[in-house]
There are 2 protein chains.
Amino acid sequence: MPRETLNRDQIVQAAIDLLDAEGIEGLSMRKLGRQLGSAPTAMYWHVGNKENLVVLAADRVWGEIERPDPAEVGWRAAARALVHDAHAMTLRHPWLITAVSTHFVYGHGLAGLQDHSYAVYEAAGFTGPDLDWAVNTAFTFLAGAAIDDAVKAAMVRARIRPGRGEEGSAEEDVVTWATGIASRYPRLRARLEAQAGEDPARAARRKFEFGVEAILDGLEARLAATGTAAATAPSATTAPGPDGGDPRPRH
Amino acid sequence: MPRETLNRDQIVQAAIDLLDAEGIEGLSMRKLGRQLGSAPTAMYWHVGNKENLVVLAADRVWGEIERPDPAEVGWRAAARALVHDAHAMTLRHPWLITAVSTHFVYGHGLAGLQDHSYAVYEAAGFTGPDLDWAVNTAFTFLAGAAIDDAVKAAMVRARIRPGRGEEGSAEEDVVTWATGIASRYPRLRARLEAQAGEDPARAARRKFEFGVEAILDGLEARLAATGTAAATAPSATTAPGPDGGDPRPRH
DNA sequence: ACCTGAACACCGTTCAAGT
DNA sequence: ACCTGAACACCGTTCAAGT
């Protein structure tokens, strides 16, 4: 099923599909070529090389995050919405966080998101270095949460039996193996027992929410401390976009 | 310079050295074999496969983090020390965070660290789910900060000229290229201009410190809200270790 | 018990050649 | 302008064979 002619958008989209389905290790130029009905080397003309393709894909998914207007909903609600929507995105694309830790990803998808984040925390009343730091704190927590998700995805993928020779069962899965290690530590065992029978999806959501609210509390406290405190209610802040231009580097 | 005989510790250490020097993409079984003076396939007997080797290496470096006693220094100081020392570790081993996002890493290095974290936040007065969540919030921020560092390392590694055909210079480096994108956004440009001429190392440190303190503030606020608030001063909590055993899975 | 060497099925990438 | 095919230098891993 070869298309009329290949183009960059199509290749990047196919790469994202492959990444979503098989993870970062599942992406290969040859597989991509097969999927697009082209020679394994056909994509080089359009995207230069594999690294650049991953960068393009990563920047594209950064662009999927919605930009709530702090002037409409208030800064705290906007900040909350931003981080929750971003989290939903990293769950759709668990390879993203691995990609950004390996390749240097920067483009209009990420830059636009950052700019909007600045708008939100500016509306909160942060200025100067505090503004950078506030944005960074929320963003850093988000990146960490994405790692959590990636770990969970890796756990699911893992079919390894890590202790073939270890005393006892010969084919236990990773989870029971990890649980076995954790239960040698008193506090970890206690928490594991307490968590038994919980709905994991619900637990993950509440954990994330707790972190977000704790951070927003902490940021509000800093805001109050520096005196520049602003209302949680909407304030008038415009959020103009970039001055257009090609969102992807040409080659 | 072939050793007497290979062993697992030696192989894991050589892998860590290679990873520190060349990053996760620089590790190959063949290179490792060359470095150890053995056949490329000699390590399989000791570590099973490459994935397991990376897991072993990752768990080992988790174990490098010091465990401050909250009973001695107070929970907040202990929490602070823990996260700062962990951050120093991720700077020594920037590949770690990529490794954990790709492979499922769990072992006594990480488990011991987690258990100690629980001890610290338990000393603060957290119990039940709040305890899980508090530990998780700090840990998540740490993971995010490690990503930040990995991004910086990736940026340094990147020697790509991403816009050969783009109007203007033909061989600009990634940083000026990224700056070019960012400066199309009003708020990003403003902050970039304000940050010009800052010492990057000092800026990174202050950014991290701000995040840590904001989170600890937020956690203290939650603690006060639930009524179970505990003093910041030392409280008596023992911190017994695991009941011994082999820290690495045998094969 | 520990290691080697050959072999297999993969990779990313370059480049001359085609249309 | 866009794509193919062959080729090159790599990979991880298995496995029979050696000691």
Side-chain angles (χ1 to χ4, degrees), chain A residues 1-12 14-15 18-19 22-57 95 98-99 102-103 154 157-162 164-166 248 250-251, chain B residues 1-12 14-15 18-19 22-57 95 98-99 102-104 154 157-162 164-165 248 250-251:
Chain A
M1 55 245 18
R3 273 79 164 174
E4 296 286 341
T5 183
L6 286 175
N7 64 61
R8 183 183 272 212
D9 271 15
Q10 186 190 135
I11 293 169
V12 172
L18 226 172
L19 285 163
E22 305 193 24
I24 197 95
E25 320 228 70
L27 175 67
S28 88
M29 300 304 266
R30 296 168 127 98
K31 239 188 269 188
L32 198 56
R34 223 173 298 144
Q35 192 149 317
L36 289 164
S38 320
T41 56
M43 290 87 63
Y44 283 81
W45 196 88
H46 298 276
V47 299
N49 56 29
K50 189 187 181 185
E51 164 147 28
N52 196 44
L53 174 58
V54 172
V55 169
L56 257 16
W95 48 270
T98 309
T102 310
H103 313 291
R157 249 191 332 265
R159 205 162 293 282
I160 337 141
R161 55 270 95 135
R164 285 217 299 135
E166 215 153 347
R248 295 168 309 278
R250 299 194 205 89
H251 74 286
Chain B
M1 57 243 15
R3 272 78 164 175
E4 295 287 340
T5 182
L6 286 175
N7 62 61
R8 183 183 272 215
D9 270 15
Q10 186 191 134
I11 293 170
V12 172
L18 226 172
L19 285 162
E22 304 192 25
I24 197 97
E25 322 230 65
L27 176 68
S28 88
M29 300 304 268
R30 296 169 125 98
K31 239 188 270 187
L32 198 57
R34 224 174 298 142
Q35 192 150 315
L36 289 164
S38 320
T41 55
M43 289 87 64
Y44 283 81
W45 196 89
H46 298 276
V47 299
N49 56 29
K50 189 187 180 184
E51 165 146 28
N52 196 45
L53 173 58
V54 171
V55 170
L56 257 18
W95 49 271
T98 309
T102 310
H103 314 291
F104 179 67
R157 249 191 332 265
R159 205 164 294 281
I160 339 141
R161 54 275 91 142
R164 287 217 299 135
R248 294 167 311 280
R250 299 193 204 87
H251 76 284

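This is a predicted model, so every value here is computed, not measured. Order of the sequence lines sets the chain letters (A, B, ...), proteins ahead of strands, with each chain counted from 1.
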By nearest-heavy-atom nucleotide on DNA chain C, the more 5' of A:Lys31 and A:Thr41 is A:Lys31
d([atom1], [X]; [atom2], [N]) in whole Å:
{"X": "A:Met29", "N": "C:dC10", "atom1": "CE", "atom2": "C1'", "result": "16 Å"}
{"X": "A:Gln10", "N": "D:dC3", "atom1": "CD", "atom2": "C1'", "result": "14 Å"}
{"X": "A:Tyr44", "N": "D:dA6", "atom1": "OH", "atom2": "C1'", "result": "15 Å"}
{"X": "B:Leu53", "N": "D:dG12", "atom1": "CG", "atom2": "P", "result": "10 Å"}
{"X": "B:His103", "N": "D:dG12", "atom1": "NE2", "atom2": "P", "result": "11 Å"}
{"X": "A:Met43", "N": "D:dC3", "atom1": "CE", "atom2": "P", "result": "11 Å"}
{"X": "B:Trp45", "N": "C:dC2", "atom1": "CH2", "atom2": "P", "result": "4 Å"}
{"X": "A:Glu25", "N": "C:dC11", "atom1": "CD", "atom2": "C1'", "result": "13 Å"}

Checking B:Arg30 side chain against B:Pro40 main chain: does a donor-acceptor pair fall under 3.5 Å?
no
Considering just the side-chain nitrogens and oxygens of [X], establish if one lies under 4.0 Å of OP1 or OP2 belonging to [N].
{"X": "B:Thr5", "N": "C:dC3", "result": "yes"}
{"X": "B:His46", "N": "C:dA1", "result": "no"}
{"X": "B:Ser28", "N": "D:dC11", "result": "yes"}

If you look at every strand shown and take non-hydrogen atoms under 4.0 Å, does [X] touch a base, only sugar-phosphate, or nothing?
{"X": "B:Ser38", "value": "sugar-phosphate"}
{"X": "B:Leu27", "value": "sugar-phosphate"}
{"X": "A:Leu32", "value": "nothing"}

Start at the 5' end of DNA chain D and walk down; is the nucleotide closest to A:Arg30 or to A:Pro40 reached first?
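Closest to the 5' end, via its nearest nucleotide, is A:Pro40.
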Any stem touching DNA chain D, meaning at least three consecutive Watson-Crick or G-U pairs under 3.5 Å, ordered by first number, would be C:4-8 with D:12-16, C:12-16 with D:4-8
